[in-house]
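Predicted model, so just to flag it, every value in this text is computed and none were measured. Letters go in sequence order (proteins before strands), and every chain restarts at 1.
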Amino acid sequence: MIKAIRGTRDLLPPDTALWNFVEAAARDVFRAYNFHEIRTPIFEETQLFSRSVGEDTDIVSKEMYTWEDRGRAQSEKGQSITLRPENTAGVVRAYIEHKLWERGLNKLYYIGPQFRRERPQKGRYRQFFQIGAEAIGPPTAGSESPARDAEVLEMLATLLDRLGITDWTLELNSVGCPNDRATYNEALKNALKPVAAKMCADCQRRAVTNPLRVFDCKVPEDQPIIETLPRISQYLDEPCRRHFDAVQGILTAVGVPFTLNDRLVRGLDYYTRTAFEFTHGALGAQNAILGGGRYDGLSESLGGPHAPGIGFAIGEDRLVMSLKESADAVARKPDVYIAPLGPGMDRESARLARELRRHDVVVELGDETFRLKKSFENASKMGARFALIVGENEVKAGAFALKNLESGEQISVPRAELAAKIQSAS
RNA sequence: GCGGGGUUAGUUCAGUGGUAGAACACCGGACUGUGGCUCCGGUUGCCGAGGGUUCGAAUCCCUCACCCCGCCCCA
C-alpha cells in the first residue's frame with residue numbers, strides 16, 4: 001500500500017472545516033488592518049534561503065529539501081532549488097522583484113505550506129502550514145515605527161481571541177541591532193567560559209556552538225548560573241531601547257498583556273529589535289504557536305532598498321491542534337436528505353434538489369431503489385436536519401412529506417414553500 | 001543524527017509457545033412508505049516485513065520498515 005510519506009499527512013473532514021474556519025478568521029482580521037494576500041512559489045532558488053535565513057542555521061544546514069534542477073534551458077541546468085522552509089524570504093524577494101513599495105503595498109499576508117526535512121513529532125511535520133504576515137516598506141510608510149510593532153502584536157491578540165484561544169501568553173524581547181548583538185555575543189561567550197564546565201553537557205556544547213541557546217536550558221542545577229549571565233537587554237543601544245520602550249507603551253495603552261522575556265532569542269539571522277512569541281499551554285514540547293519579529297536589514301541583504309519590516313508566522317498545524325475539540329461543530333451538516341421513493345423519483349428528486357440548492361440549502365440525495373428505511377438511516381447517520389420524501393403520492397399532490405429528524409415531527413409542505421420551511425428551522 | 005514506546009478486524013484494544021478474540025463500527029433481518037432505542041444474525045484479518053529457534057510462533061531471538069513521544073534545533 002502506498003502511504004503518505006513520512007512527516008506529511010492528509011487533512012480530512014471534519015478537520016478541514018476547522019482549517020477553513022481558522023483561515024477565514026485570519027483573512028478577516030488581517031483585512032481590518034489593511035493587510036493584503038500574497039502567494040509566492042513554494043520553491044525558490046536555494047540562495048534566497050541561505051542568504052536570508054542564515055547559512056549556519058539548522059534550517060539551512062540540514063533541514064531543507066534541496067535539489068538540482070534539470071531544466072531544458074541552459075540557464076536552468078544545475079540550478080539549485082529548495083522547497084521553501086519559511087515564507088518571509090519569499091515575500092521579501094517578491095517585494096524587491098516587483099518594487100512593491102512603488103505601489104504602496106507594504107502590508108502582506110500569506111497562508112500556505114512550508115517544508116522542512118526534520119524528524120516529525122507532535123505538532124511538527126515535514127509539510128506544515130503557516131499563516132503569516134509581513135509589514136515592510138520604506139520608513140516613510142511607517143515600517144520602522146514602534147507603532148507598527150504594536151499594531152502587529154495587537155492584531156495577533158485579536159485573532160487569537162477571535163478563535164476562542166484565551167489562555168495565551170505574549171513573550172516579548174528586543175534582540176537589538178546587529179552591532180548590539182555582536183557585542184553581546186562576545187560578552188556572553190566570555191561570561192560562559194569560566195562557568196561552562198559546571199553546566200550540563202548540552203550547555204557545554206551550546207557555550208561553544210550557539211551561546212544564546214544556553215537560555216533554553218531546563219536543567220534545574222544550571223539555572224543559578226544562567227541567572228548570572230549578561231542579558232541582551234543590557235546591551236541595547238539608545239535607539240533600540242527607545243524603540244522597545246515605545247512598543248511596550250502602546251501595547252499597555254491598547255490593553256494587550258505581555259511578559260518581558262530577555263531569554264527569548266530568535267534562531268534566524270535576519271531578526272533585529274523586537275522579537276516575540278505567543279505560547280499556549282497543553283501543547284507538549286512545542287508550546288509556541290506563533291513567533292516573529294523585526295528584520296530591518298533583510299531587504300538590503302537580499303539586494304533590495306532599505307525597507308525595515310516586522311512579521312510573524314503562525315504554526316497552523318499547532319493552532320488547529322489546540323482547537324481540535326470544536327472540529328465537529330464547525331462542519332456544516334446537510335439541511336435535508338431527499339429520499340426518492342420508487343421508479344422515476346430520481347428525476348423528480350434531482351429537480352427538487354436543484355431548486356433547494358439554489359436557495360442555499362445543503363442537500364444530500366438518496367436513490368430511488370433504496371428502501372425508505374435505508375434512506376432514513378442514511379439521513380440520520382450523516383446528521384441531516386430533515387428528511388424529505390419524494391414519492392408518487394407527493395408528486396401527485398404537489399406537496400411533500402418533510403420530517404424533522406430531531407423532533408420526529410412530520411408535515412406536508414407544498415413545493416413552493418419547501419426552501420423557506422427548511423431554512424426557517426435552522 | 002540520538003533516546004524511549006509501539007505495530008493484531010474499518011476503529012480502540014485483549015491475547016506471552018498449542019484452533020486468532022472483544023467492544024464499537026459496518027451489512028442484513030425483526031419492520032415491503034419512516035431513522036435514532038431494542039432484539040436476532042452476519043462480514044471483517046498475509047497478527048507490519050524478512051529471517052531464525054521449535055513438532056508447533058501473533059507470542060521467543062535477530063534484522064529492517066513504519067507510527068508515536070521526546071532530545072538536538074526551531075516558525
Side-chain angles (χ1 to χ4, degrees), chain A residues 1-9 53-54 56-64 84-89 110 112-125 128-134 200-203 205-206 209-210 212-213 216-219 264-271 275-279 284-293 295 311-319 337 339-342 345 366 368-394 400-410:
Chain A
M1 183 176 47
I2 297 175
K3 297 190 295 182
I5 66 178
R6 183 207 283 276
T8 71
R9 58 179 180 154
V53 174
D56 298 328
T57 59
D58 273 32
I59 294 178
V60 170
S61 62
K62 57 182 197 195
E63 292 175 359
M64 295 204 302
R84 64 187 187 196
E86 55 97 46
N87 218 149
T88 298
Y110 59 85
Q114 320 290 340
F115 306 84
R116 279 185 212 171
R117 199 175 183 294
E118 54 189 347
R119 189 135 199 133
Q121 52 182 288
K122 192 178 178 62
R124 168 181 276 189
Y125 303 92
F128 57 103
F129 292 81
Q130 288 188 329
I131 299 174
E134 316 292 346
C200 69
D202 279 340
C203 281
R205 181 176 41 74
R206 290 169 177 144
T209 60
N210 198 350
L212 288 175
R213 284 287 142 209
D216 288 341
C217 179
K218 279 147 199 145
V219 178
L264 177 69
V265 290
R266 308 264 66 183
L268 310 189
D269 284 2
Y270 55 62
Y271 283 115
F276 59 88
E277 210 164 81
F278 281 74
T279 57
Q286 273 72 49
N287 67 341
I289 51 176
L290 75 92
Y295 44 83
F312 61 85
I314 301 170
E316 196 176 359
D317 303 80
R318 279 184 212 171
L319 183 66
Y337 184 101
L341 191 63
M345 291 303 122
E368 65 183 24
T369 66
F370 291 173
R371 291 170 46 198
L372 243 207
K373 175 186 167 60
K374 180 80 247 168
S375 290
F376 272 74
E377 271 175 14
N378 288 345
S380 52
K381 209 176 295 172
M382 67 182 64
R385 288 188 303 115
F386 289 97
L388 181 69
I389 301 175
V390 178
E392 257 180 73
N393 301 341
E394 281 77 7
F400 299 82
L402 182 69
K403 181 169 184 177
N404 183 320
L405 291 171
E406 262 169 60
S407 66
E409 181 198 14
Q410 183 168 321

Provide the distance between the two C1' atoms, one in B:U44 and one in B:G5, to the nearest whole Å.
29 Å

Pair partner, B:U63 [Watson-Crick or wobble, under 3.5 Å]
B:A49

Sidechain-backbone polar pair: A:E316 side chain, A:L319 backbone, donor-acceptor under 3.5 Å:
no

Non-hydrogen atoms of A:E394 and A:I389 that approach each other most closely
CG-O, 3.5 Å

Whether the side chain of A:R124 and the base of B:C69 hold a donor-acceptor pair under 3.5 Å is what I'd like checked.
no

Sequence-aligned protein contact record of nucleotides 27-40 of chain B, with B where the base is within under 4.0 Å of a protein heavy atom and S where only the sugar-phosphate is:
SSS---BBBB----

Between B:U16 and B:G6, how many Å separate the two P atoms, rounded to a whole number?
15 Å

Residue that, paired with A:D317, satisfies side chain to side chain donor-acceptor pair (under 3.5 Å) out of A:Q130, A:R9, A:R124
A:R9

Roughly how far, to the nearest 0.5 Å, is CD of A:Q114 from CZ of A:F129?
9.0 Å

So, for A:F276 and A:F312, which heavy atoms are closest and what is the spacing to 0.1 Å?
CZ-CB, 3.7 Å

Distance, P atom - from B:G4 to B:U63, rounded to whole angstrom
13 Å

So what's B:G1 paired with, Watson-Crick or G-U wobble, going by both distances under 3.5 Å?
B:C71

With C1' as the reference atom in both, quote the distance from B:G45 to B:A25 in angstrom, rounded to an integer.
16 Å

Determine the Euclidean distance between corresponding C1' atoms of B:C47 and B:G21; express it in Å to zero decimal places.
12 Å

Tell me: CD of A:Q121 to C1' of B:C66, nearest whole Å?
17 Å

Using a heavy-atom cut-off of under 4.0 Å over every strand shown, decide if A:R119 touches base, sugar-phosphate, or nothing.
base

Closest non-hydrogen atoms of A:E406 and A:N404, given as atom of the first, atom of the second and distance, are N-OD1, 2.8 Å

Spacing of the P atoms in B:G51 and B:U11 (rounded, Å):
26 Å

Using heavy-atom distances to pick each residue's nearest nucleotide on RNA chain B, tell me which of A:K3 and A:I59 is more 5'.
A:K3

Under a 3.5 Å cut-off for both contacts, is B:A23 paired Watson-Crick or G-U wobble with anything, and if yes, with which nucleotide?
B:U11

Taking for each residue the nucleotide of RNA chain B bearing the nearest heavy atom, is the 5' side occupied by A:F128 or by A:Y125?
A:Y125

Please report the distance separating the P of B:U43 from the corresponding atom of B:C13, rounded so that it comes out in whole Å.
25 Å

A:P85 and A:I59 have their tightest heavy-atom pair at CB-CG2, 3.6 Å

To the nearest Å, how far apart are A:R6 CZ and B:C68 C1'?
11 Å

Taking pairing as Watson-Crick or G-U wobble with both contacts under 3.5 Å, can you name the mate of B:C39, or confirm there isn't one?
B:G29

N/O donor to acceptor pairs below 3.5 angstrom from side-chain atoms of residues 371-380 of chain A, sequence neighbours left out:
{"residue": "A:K373", "atom": "NZ", "partner": "A:E377", "partner atom": "OE2", "Å": "3.4"}
{"residue": "A:K374", "atom": "NZ", "partner": "A:E377", "partner atom": "OE1", "Å": "3.4"}
{"residue": "A:N378", "atom": "ND2", "partner": "A:Y337", "partner atom": "OH", "Å": "3.3"}
{"residue": "A:S380", "atom": "OG", "partner": "A:F376", "partner atom": "O", "Å": "3.1"}
{"residue": "A:S380", "atom": "OG", "partner": "A:E377", "partner atom": "O", "Å": "3.3"}

For the C1' atoms, the ones on B:G10 and on B:G50, what distance do you get once it is rounded to whole angstrom?
27 Å

